[in-house]
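Just below is one structure, and these are the notes that go with it.
Each chain gets a letter, A, B and so on, in the order the sequences are listed, and its residues count up from 1.
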2 protein chains.
Amino acid sequence: MKQKDTKQNILDAAEELFAVDGYHGTSLRTITKKAGVNLASVNYHFGSKEELVVEVLRRRLVPLNESRIKKLQKVLLDEKLLQQPVGVEAIMRSFIEPTLKFRDASPGAMSFLSLIGRALAEPDDTVRKKFASMMEPVFHLMLEGLVKALPGYPKEVLFWRLHFTIGATSHTLRCIDNVPMDKEGKMGTLSTEKLVAMLLPFVTAGMEAPL
Amino acid sequence: MKQKDTKQNILDAAEELFAVDGYHGTSLRTITKKAGVNLASVNYHFGSKEELVVEVLRRRLVPLNESRIKKLQKVLLDEKLLQQPVGVEAIMRSFIEPTLKFRDASPGAMSFLSLIGRALAEPDDTVRKKFASMMEPVFHLMLEGLVKALPGYPKEVLFWRLHFTIGATSHTLRCIDNVPMDKEGKMGTLSTEKLVAMLLPFVTAGMEAPL
DNA sequence: GTCTATATGCCGATAGAC
DNA sequence: GTCTATCGGCATATAGAC
């Protein structure tokens, strides 16, 4: 059972460090030192630094996205059964709320939230594209729902508004424990629940903005 | 006049490379090679890589922010003279529109837009904080205007909504020529003007969302 | 002011003992 | 599976010739 511990320790350490310093800014030496394992073990267990970061992303992102998709499909199904138009807020909630529950569920998730916030901004092509491909099914389903929820809105407009939503969300996750640009009074940290209560009306209203 | 050319060439090359590969992902070797100058000249003219990136940011950000502030002050002044409440859209426009005009004005600005989009997401503390300090006066003035434009809205709410606006904007700038996550059809590049026409209603509606 | 040459150190990755 | 030792390369920064 030593193998599993080693792999797990590496993933945990890498998750935290990538979240803070980014992919390029984190070295395998720092990761293995923090994990208390040997430098060579990363290459043994994962093959390369790149495959490691992909695994760090996948470990939490796949279940999270499954939860998002499940919630979204339920929303879209309810709409069909009740014969009423889909609520935009319900769709946006199905994207944002699982993030909150996900955080409460696992202990190391806080830094992972920063990490997924950072992943989209990562300059490295391979990492960003891998991340994008993991997120693609969620966005596709959301866009589909939004097209139904907002008839008369061109799909291109909804696509860009979804794009803005992703930007607002990922920026928030990235800065979740370090909000910059507060000269007076320091806004400090907000509980994730309150933060969703802030974010949800903003993106919903933005999505429903008149053409 | 050789000095000025060398400095200028370094700044131009660095701007473009930082925009694409980020701060950590760009080496002084790559910069000096692209600029056609000697490796040592960066340290001679700027002192260090860090001071170089700060100068790259400052060169364009200071005039851009002056333009933003000027526009914003005009909006706030008009409101005083005309005795009418400030329009939220006008405030948001004063932030977003100068970016567009700035792009049309200077040739290398396209990559700079990606760069300022990336600067906020940069893991490096020093770079990000320097950038934040350059942006602070703009955000302070915007928040001031928004408090007046939206009486009854708690300042904390407006602060966070401004934060979301920054996220949406910077994410868009970062991806301005490389929009990800488009499975079908490829949304392709949008002209900056059209992009502002998309972004402005979104953030305005988000800012005015009911409590 | 601009160059070459180099100091010094960390990087990711691997070979080979155990 | 895990270790030590090390390879080859590139990083930033500087010293000193011109």
State which of dC3(C), dG12(C), dT2(C) makes the closest approach to the side chain of Lys49(A). dG12(C)

For atom CD of Glu16(B), decide whether the heavy atoms of other residues, nucleotides or ligands shown that lie under 6.0 angstrom number more than 12. no

Within 45° cone of Phe46(B) ring axis and under 6.0 Å: Lys7(B) NZ or CZ: yes

By nearest-heavy-atom nucleotide on DNA chain C, the more 5' of Val37(B) and Leu28(A) is Val37(B)

Mind checking if Ser27(B) touches a base, just sugar-phosphate, or nothing, with heavy atoms under 4.0 Å? sugar-phosphate

dT6(D), dC3(D), dT2(C): which one has an atom nearest the side-chain heavy atoms of Arg29(A)? dT6(D)

Taking atom types as modelled, find out whether Ser111(A) and Ser114(A) have a side-chain donor-acceptor pair closer than 3.5 angstrom. no

Pi-cation contact, Phe95(A) with Lys71(A) (under 6.0 Å, within 45°): no

Specify the separation, in whole Å, of atom NZ of Lys33(A) and atom C1' of dG12(C). 17 Å

Grab the CG-P distance between Leu17(A) and dG12(C) for me, whole Å please. 12 Å

Expressed in angstrom and rounded to an integer, what is the separation of Lys7(A) atom NZ from dT2(D) atom P? 11 Å

Among dC11(C), dT2(D), dT2(C), which nucleotide has an atom closest to any side-chain atom of Tyr44(A)? dT2(D)

Please state how far atom CG in Asn43(A) lies from atom P in dT6(D), giving the value in whole angstrom units. 19 Å

Without decimals, in angstroms, what is the distance between Asn38(B) CG and dG1(C) P? 16 Å

Counting heavy atoms from C-beta on, name the nucleotide in dT4(D), dT2(D), dA13(C) closest to the side chain of Ala40(A). dT4(D)

Respond yes when some side-chain nitrogen or oxygen of His24(B) is under 4.0 Å from OP1 or OP2 of dA11(D), and no when none is. no

Thinking salt bridges, do Arg60(A) and Glu15(A) make one under a 4.0 Å N-O criterion? yes

Side-chain N,O (Thr6(A)) to OP1/OP2 (dT2(D)) below 4.0 Å: yes

Taking only side-chain N and O atoms of Ser41(A), does any of them lie within less than 4.0 angstrom of OP1 or OP2 on dG1(D)? no

Whole angstrom is fine here: how far is it from CG in Asn9(B) over to C1' in dT2(C)? 14 Å

For atom CG of Asp21(A) and atom P of dC10(C), their distance in whole Å: 16 Å

What contact category does Thr32(A) fall into here, base, sugar-phosphate, or nothing, at under 4.0 angstrom with non-hydrogen atoms? nothing

Rounded interatomic separation in angstrom, taking CG from Leu39(B) and P from dA13(D): 10 Å

